[in-house]
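Below is one structure, written out as structure tokens; the observations come after it.
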There are 2 protein chains.
Amino acid sequence: MTRKKPDASEASTERLALYTAASRAAGIRLTPQRLEIFRVLAATESHPDAEAVHRAVQRVMPTVSRDTVYRTLWRLHDMGLVATLGPSRDRVRFDTNVGPHHHLVCLGCGLVQDFVSATLDGLALPPGVSQWGRVYDTQVEARGLCLACLKAGRATRETTQEKASDER
Amino acid sequence: MTRKKPDASEASTERLALYTAASRAAGIRLTPQRLEIFRVLAATESHPDAEAVHRAVQRVMPTVSRDTVYRTLWRLHDMGLVATLGPSRDRVRFDTNVGPHHHLVCLGCGLVQDFVSATLDGLALPPGVSQWGRVYDTQVEARGLCLACLKAGRATRETTQEKASDER
DNA sequence: AGCTAGTTGCGAATGAGACGCAACAACGAA
DNA sequence: TTCGTTGTTGCGTCTCATTCGCAACTAGCT
Ligand SMILES: [Mn+2]
Ligand SMILES: [Mn+2]
Ligand SMILES: [Zn+2]
Ligand SMILES: [Zn+2]
């Protein structure tokens, strides 16, 4: 039995199956709009925003609402089947440390802590990267839970984000 | 002449000097509100959002406007003296690839490309990290310019972001 | 076929940021 | 020190992504 390296379309099919299976397992109803959103998400190789997903879904199902797309995306996110880029979902956060350093991001409270590591600073990227363009800066983003959130038993999924804004 | 390891307050002073020097060099006026914002930024060890900075500045100068804080932050950002967290300044972007992988972020057009690297997947973080909490996931974010943006001579500073939304 | 709890679409609300503009005020020149 | 030029400020307004409330549906079980 030969096993070919999964190509894009094969991965897409797998992902779609994953979404529906997980939904069924979670007792979530498989509405036609959800199925279509699943198809679009399973097929994408990029990092779309909600509106891009909405547009793609509308091409096939013109009546889906913006809201349903958002709700489905966050639901999948809660199930750990889609991720979001960057540490903060809401407002822009600034960093006054412009030297080389890395980040520990707490998924519970949103706190971001710097850490330094000479090893990580000089990280070698795979050679194929040079064909993409020019890289100016490389940094590591480690996600997890800080001690406080661990003790508080806060969930990993960034749900109860009651804003740990600093500089109070 | 002894040279102690720069502590927080020393680094703060240095940073303040840097801000004012760079501003003067750029012909930017040193208004009292800017100076106060500089002080707050120079003193912070965290990753505040604009509102947190505004609150901190208001404690000393109750009349500063939200807008002035924004303008100053972006000005410093343009000068390369403050950074922002994460690849996207505006809307949330989703990632359907939940397996271990890393990102190439183009600062010109906003495109984010996946890349894989077994070496980077198993990255060892410095030991001190264990005292912060538990890390579930580690990924590398490499920022730069993609070939298209390099050829187009687009600036590194994410200015001309005329939205490269995919799934068109 | 009938129930019922989970969903949908919509119109309205929220909230971060950006903008336009008239009153102001740094700061180099005189 | 005074003045004039220009960059700045604060405010009211505007935009636009994301969220809410809710009444009208409907997937999925019986
Ligand atoms: Mn940082
Ligand atoms: Mn990705
Ligand atoms: Zn935390
Ligand atoms: Zn680009």
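Keep in mind that the numbers below use all heavy atoms, side chains included, and drop hydrogens, waters and symmetry copies. In what follows, chains are A, B, ... by sequence order, proteins preceding strands, each numbered from 1. Since this is a predicted model, take the numbers as computed values, not measurements.
Rounded to whole Å, atom P of C/dA18 lies 14 Å from atom CZ of A/R91. In this entry the distance linking CG of B/D78 with C1' of C/dA18 reads 14 Å, nearest Å. In this entry the distance linking CD1 of B/I37 with P of D/dT8 reads 12 Å, nearest Å. The CZ atom of A/F94 sits 13 Å away from the P atom of C/dA16 (whole-angstrom rounding).
Listed by residue number, the members of residues 18-26 of chain A with any heavy atom below 4.0 angstrom from DNA chain D form an empty set.
Residues B/R15 and A/T96 have side chains that bring a donor and an acceptor to within less than 3.5 angstrom of each other. When only modelled atom types and interatomic distance are considered, B/T68 and B/S65 share a side-chain donor-acceptor pair under 3.5 Å.
A 4.5 Å side-chain heavy-atom check between A/L81 and A/L18 finds at least one atom pair inside the cut-off. Looking at B/L123 and A/L123, their side chains come closer than 4.5 Å, going by heavy atoms from C-beta outward.
Residues A/W132 and B/V105 approach most closely at CH2-O, 3.5 Å, considering heavy atoms.
Distance check, rounded to the nearest 0.5 Å: CG of A/L145 to OH of B/Y136 gives 4.5 Å.
Residue pairs satisfying the side chain to side chain donor-acceptor pair (under 3.5 Å) criterion with at least one member in residues 113-125 of chain A, sequence neighbours excluded, are listed as follows: A/N97-A/D114, A/H101-A/D114, A/H102-A/D121, A/H103-A/D114, A/D114-B/H47.
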Within the 4.0 Å limit for protein heavy atoms, which parts of nucleotides 1-11 of chain C are touched? Write it as a string from 5' to 3', B for base, S for sugar-phosphate only, - for none.
----BBSBBB-
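Position along DNA chain C of the nearest nucleotide to B/Y70 versus B/L30 favours B/Y70 as the more 5'-ward residue. Remark on DNA chain C: of its neighbouring residues B/E51 and B/P32, the 5'-side contact belongs to B/E51, judged by nearest-heavy-atom nucleotide.
Here B/R34 does not pair with B/E36 in a salt bridge; the nearest charged N to carboxylate O distance is not below 4.0 Å.
Regarding contacts with the backbone of C/dG17, every side-chain N or O of B/W74 stays at 4.0 angstrom or more from both OP1 and OP2.
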